[in-house]
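Since the structure comes first, as structure tokens, the remarks are kept for the end.
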Amino acid sequence: MSFRATVLTLYPEMFPGHLGLSLAGRALAVGAWSLETVQIRDFAQDKHRSVDDTPAGGGAGMVMRADVLARAIDSAAPEDDPRPRLLMSPRGAPLTQARVRALASGPGAVIVCGRFEGVDQRVIEARSLEEVSIGDYILSGGEPAALVLLDAVVRLLPGVMGNESSGTEESFENGLLEHPHYTRPQLFEGREIPAVLTSGNHKKIAEWRRAEAERLTRERRPDLWARYEKAGEAE
Ligand code: SAH
């Protein structure tokens, strides 16, 4: 069974978006993964079809109603649906390549996209939604976050990427940022390709790449570097 994504949103027109193009789009077309959208508004029951209301306790903005969202979730994913239920949320656990890999090896995901100030806390608890953040900044809605998450997952699905090995040598896969890349021309505005890369000595090239990856990680991501060093000590 291929990876099955169901996205709950007030803006289904945003999907598949860029995931309908390039490698992800081809994979979608041949059934390597599937994408279904659910319009949350279809589960509103009042005559205005409202999905949000003013926040309890007062304050700015609107909050997505628990009852409407719960009905949408229940229709998209019955209780025995094995897929994890994610809520895109700046308060969630930051998305990592490890989480992406775990999702890619599972049956799919049910993804709830928030809007306004967010969603009523009770539906998060009652439907066991796992909050996932794509970074420490605020988007106007969960849709771009869902597209980011699915982009990262889909490229790992079997047969999606042309060159399988490029998936495992990338930034974060081994706890390091990736080394710099070069290609022709040999000379660009006076800058040469590092000589080792054109030496044909594969051992030296691997050593250079590892050293550059370590240098970049140390300089740019002290948090990753500390974890990497600790993992090395543990071995
Ligand atoms: N008031 C909230 C932000 C709401 S933004 C707060 O301060 O925490 C509206 C919606 O956009 C959220 O419900 C969520 O679904 C989505 N969103 C915004 N930023 C996000 C991020 N960094 N990662 C994932 N989803 C995000």
Side-chain angles (χ1 to χ4, degrees), residues 3-20 24 33 35-44 48-77 81 83-104 106 108-156 171-172 177 220-221 223-224:
F3 185 92
R4 211 155 62 81
T6 300
V7 178
L8 284 72
T9 170
L10 291 170
Y11 297 96
E13 308 84 352
M14 290 193 178
F15 297 87
H18 77 283
L19 298 177
W33 67 293
L35 176 65
E36 170 198 25
T37 55
V38 172
Q39 169 55 274
I40 295 167
R41 199 172 294 283
D42 289 346
F43 296 86
H48 301 295
R49 298 219 299 156
S50 49
V51 295
D52 57 323
D53 210 327
T54 54
M62 300 294 271
V63 176
M64 287 175 84
R65 289 171 56 131
D67 54 347
V68 178
L69 203 46
R71 278 194 295 274
I73 293 168
D74 293 344
S75 110
D81 193 313
R83 295 175 295 167
R85 299 160 174 196
L86 314 179
L87 169 65
M88 304 318 298
S89 159
R91 288 190 322 218
L95 186 62
T96 61
Q97 190 64 15
R99 185 73 187 99
V100 166
R101 227 169 234 294
L103 286 169
V110 177
I111 306 175
V112 179
C113 300
R115 279 272 154 182
F116 319 111
E117 291 306 317
V119 313
D120 189 307
Q121 181 63 26
R122 293 169 295 177
V123 70
I124 301 178
E125 292 164 13
R127 293 299 179 274
S128 309
L129 302 182
E130 173 192 341
E131 294 180 71
V132 178
S133 167
I134 64 158
D136 292 346
Y137 41 81
I138 303 296
L139 303 168
S140 48
E143 290 79 9
L147 287 167
V148 165
L149 181 142
L150 287 173
D151 183 308
V153 167
V154 166
R155 59 191 291 285
L156 295 182
S171 292
F172 310 116
L177 301 179
R220 297 182 181 183
R221 292 292 302 272
D223 56 326
L224 288 183

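Along the sequence shown, the residues carry numbers beginning at 1. Values reported hereafter were calculated over all heavy atoms of this structure, with side chains retained and with hydrogens, waters and symmetry mates removed. In listed order, ligands and their atoms are each counted from 1.
- With a 4.0 Å cut-off on non-hydrogen atoms, Ser89 touches ligand 1 through its backbone and not its side chain.
- When side chains are defined from C-beta on, Ser50 does not count as touching Met62, because their heavy atoms never get closer than 4.5 Å.
- Around atom CG of Asp223, more than 12 heavy atoms belonging to other residues, nucleotides or ligands sit under 6.0 Å away.
- Under a 4.0 Å criterion applied to the non-hydrogen atoms of Gly142, ligand 1 contributes the atoms 11 (O), 15 (O), 16 (C).
- Taking the side chain as every heavy atom from C-beta outward, Arg221 and Phe172 approach each other to under 4.5 Å.
- No N or O atom of Arg91 sits closer than 3.5 Å to an N or O atom of ligand 1.
- Scanning all protein heavy atoms for the shortest distance to atom 13 (O) of ligand 1 gives Gly114 CA, 3.4 Å.
- Atoms of ligand 1 lying under 4.0 Å from at least one heavy atom of Gly141, given by number and element, are 10 (C), 11 (O), 16 (C).
- Considering both main-chain and side-chain atoms, Phe116 never comes within under 3.5 Å of ligand 1 through any nitrogen or oxygen pair.
- Residues Arg115 and Val51 form no side-chain contact, since every pair of their non-hydrogen atoms from C-beta on lies 4.5 Å or further apart.
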- Task: Please assess Phe3 against Leu156 for the test side-chain contact (heavy atoms from CB on, under 4.5 Å), listing each intermediate value before the final yes or no.
- Result: CA-CA 11 Å; Phe3 185 92; Leu156 295 182; over 6 Å; no
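- Backbone and side-chain nitrogen or oxygen atoms of Gly135 are examined, and one is located within less than 3.5 angstrom of a nitrogen or oxygen of ligand 1.
- Considering backbone and side-chain N/O atoms, Val119 never comes within less than 3.5 Å of an N/O atom of ligand 1.
- Under the 4.0 angstrom criterion for non-hydrogen atoms, Asp136 is not in contact with ligand 1.
- A heavy-atom distance below 4.5 Å is found between the side chains of Leu149 and Leu103.
- For the pair Asp81/Arg4, a side-chain contact is recorded, criterion being any heavy-atom separation below 4.5 Å from C-beta on.
- Taking 4.5 Å as the limit, some side-chain heavy atom of Leu224 sits within range of a side-chain heavy atom of Leu177.
- The shortest N or O to N or O distance between Ile134 and ligand 1 is below 3.5 Å.
- Side-chain contact between Thr9 and Met14: absent, with no pair of heavy atoms (C-beta onward) separated by less than 4.5 Å.
- The option from Pro90, Gly118, Ser140 that lies nearest to atom 3 (C) of ligand 1, judged by heavy atoms, is Pro90.
- Per-residue contacts place Ala145 under 4.0 angstrom from the following atoms of ligand 1 (heavy atoms of the residue considered): 24 (C), 25 (N).
- Here the heavy atom of the protein found nearest to atom 5 (S) of ligand 1 is Leu139 O, 3.2 Å.
- In Val132, the part holding a heavy atom less than 4.0 Å from any atom of ligand 1 is the backbone.
- The main-chain N or O of Ala66 is never found under 3.5 Å from a side-chain atom of Arg122 such that the two would form a donor-acceptor pair.
- Between Trp33 and Leu19, the closest side-chain pair of non-hydrogen atoms falls below 4.5 Å.
- In the vicinity of Ser133, heavy-atom distances shorter than 4.0 Å reach the ligand 1 atoms 22 (N), 23 (N), 24 (C).
- Closest heavy-atom approach to atom 1 (N) of ligand 1 within the set Glu143, Glu131, Glu117: this belongs to Glu117.
- Among all protein heavy atoms, the one lying closest to atom 7 (O) of ligand 1 is Ile138 CD1, 4.2 Å.
- Protein heavy atom closest to atom 14 (C) of ligand 1, with residue, atom name and distance, is Met88 O, 3.1 Å.
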